[in-house]
Amino acid sequence: MTDGTTPTPTSTVRLRGALDAVPAYVAGKPAAAQAGITAYKMSSNENPYPPLPSVLDVVREHAGRINRYPDMGVAALTAALAERLDVPPARIATGPGSVGVLGQIITALCDPGDEVVFAWRSFEAYPILVALAGATAVQVPLTAESRHDLDAMAAAVTDRTKVVLVCTPNNPTGPSVRADELEAFLDRVPQDVLVVLDEAYLEFVTSEEAPDALAIHRARPNVAVLRTFSKAYGLAGLRVGYAVAHEPVAEALRKAAIPFGVNSLAQAAAIASLEAYDELDVRVKELVAERARVVAGLEEQGWEIPDTDANFVWFGVGERTPELAAAFQEAGLTVRPYGTDGVRVTIAEPEANDRLLEVAAAFPRP
């Protein structure tokens, strides 16, 4: 602390040059209070329901032991996942949210100068994690329907490509890739390139054409599946995710993990959530029904909304993105704008969704 007369020393610490290429992650903003109306946060794709009582009971039970380190091997959760998914425990790697596991994937596979191919726009953490590794992000534009262009992504693979990321359903636009196009794509990808199927929103998928990622993983040694407990399971605040990968890759991901990265409360809550999945599934189905109601209402208003298999809808309004985001904000709905590409709005409580439809109906369209 200075008194205003002593100059602050100039730092000469040498930072990594790779940081210059790291874009800032923009998190969804919390709901902003509005006079006379209830404000809703619809910017982070969170589950609007609170944790199940049975899960909260388990968290309370384990909270009394947080003076102890968690199990670094995450053995109990790994065993529960292996049993539920019918895969060997050696194929499970866990981390602090699926984004944490994705960081382990990039760390384990990419050296400076290696390439990572992914669609754009897609999950905002992709270019950040790639840049932190000193690798090169190869961004392939989405189609006019806001879907992955898998043909173009296959053509973008070179001998420098180490990883390809396929976000399905795609965040922030919503569509899933189709099983047939994914299989054709995988046939074109070299066997020494890891293809990661990022299924953060899997539980909300209803498309009959969506792929069975675990079946594809079992058949292809270079395919890994990435999932999270943050969305449908409602454990976003506890940060726990996992990958299913063939043994050599999964072992590498565990080596790249931060020690004790999955805390004890997260492990206990995740196991309890797996055990209570039937109860959680009721909530998921309610959110899917709300999604269908919102999409139908928007289409009736004349909006062209991409097919969404996730818990959000995408308004591809381009240059009018700030204007639409401001209209939602004025109505007490905090949403997630993406530059001049579009606005993503989470399916939330029915009352919030009703207001979403009101704002969308009033917004002038060309």
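Here the structure is a predicted model, which is why all the values come from computation and not from measurement.
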Notebook entry, point to check: Between Arg254 and Glu251, is a salt bridge (Lys or Arg N to Asp or Glu O under 4.0 Å) present by the stated rule, with each step listed?
Noted result: CA-CA 5 Å; Arg254 291 191 290 270; Glu251 182 180 4; 5.6 Å; no

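- To the nearest 0.5 angstrom, Leu197 atom CG is 5.5 Å from Leu182 atom CG.
- The residues Glu46 and Lys41 are annotated as salt-bridged, a charged nitrogen and a carboxylate oxygen being separated by less than 4.0 angstrom.
- By the ring-ring contact (aromatic ring centres under 6.0 Å, His included) test, Phe315 is found to be paired with Trp303, Phe328, residues two or more places apart in sequence or in another chain being considered.
- The existence of a salt bridge linking Glu358 and Arg355 is excluded, since no basic side-chain nitrogen approaches an acidic carboxylate oxygen closer than 4.0 Å.
- With sequence neighbours excluded, the residues satisfying side-chain contact (heavy atoms from CB on, under 4.5 Å) with Tyr49 are Asn47, Arg283, Glu286, Leu287.
- With Phe185 as the aromatic partner, Arg188 does not meet the cation-pi criteria of under 6.0 angstrom to the ring centre and within 45 degrees of the ring axis.
- A donor-acceptor pair under 3.5 Å is absent between the side-chain atoms of Asp111 and the main chain of Gly134, judged by distance alone.
- With values rounded to the nearest 0.5 angstrom, Arg320 atom CZ is found 13.5 Å from Thr340 atom OG1.
- In this pair, Phe229 and Tyr242 present their aromatic rings tilted. The plane angle is within the 30 to 60° band.
- Summarising the geometry of Thr321 relative to Tyr338, their closest heavy-atom pair is CG2-N, 3.9 Å, with the distance given to 0.1 Å.
- A donor-acceptor pair is defined here as one N or O able to donate and one able to accept, closer than 3.5 Å; no such pair exists between the side chain of Glu115 and the backbone of Thr158.
- Leu102 CG to Thr228 OG1: the interatomic distance, rounded to the nearest 0.5 Å, is 11.5 Å.
- Proximity of a side-chain donor or acceptor of Thr346 to a complementary backbone N or O of Met42 within less than 3.5 Å is detected.
- Between Phe123 and Phe118, the ring centre distance reaches or exceeds 6.0 Å.
- A salt bridge links Glu247 with Arg91: the distance from a Lys NZ or Arg NE/NH1/NH2 to an Asp or Glu carboxylate oxygen falls below 4.0 Å.
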Next item on the list: Take Asp354 and Arg293 through the test salt bridge (Lys or Arg N to Asp or Glu O under 4.0 Å) and record every step on the way to the result.
Entry: CA-CA 10 Å; Asp354 289 341; Arg293 180 176 75 88; 2.9 Å; yes

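- Looking at Tyr277 and Glu203, their side chains come closer than 4.5 Å, going by heavy atoms from C-beta outward.
- Between Asp341 and Arg121 there is a salt bridge, since a side-chain N of the basic residue sits under 4.0 Å from a carboxylate O of the acidic one.
- Between Gly174 and Pro169, the closest heavy-atom pair is O-CB, 3.3 Å.
- A salt bridge links Glu124 and Arg336; the closest N-O separation between the charged side-chain nitrogens and carboxylate oxygens is under 4.0 Å.
- Atom CD of Glu83 has 12 or fewer heavy atoms from other residues, nucleotides or ligands within 6.0 Å.
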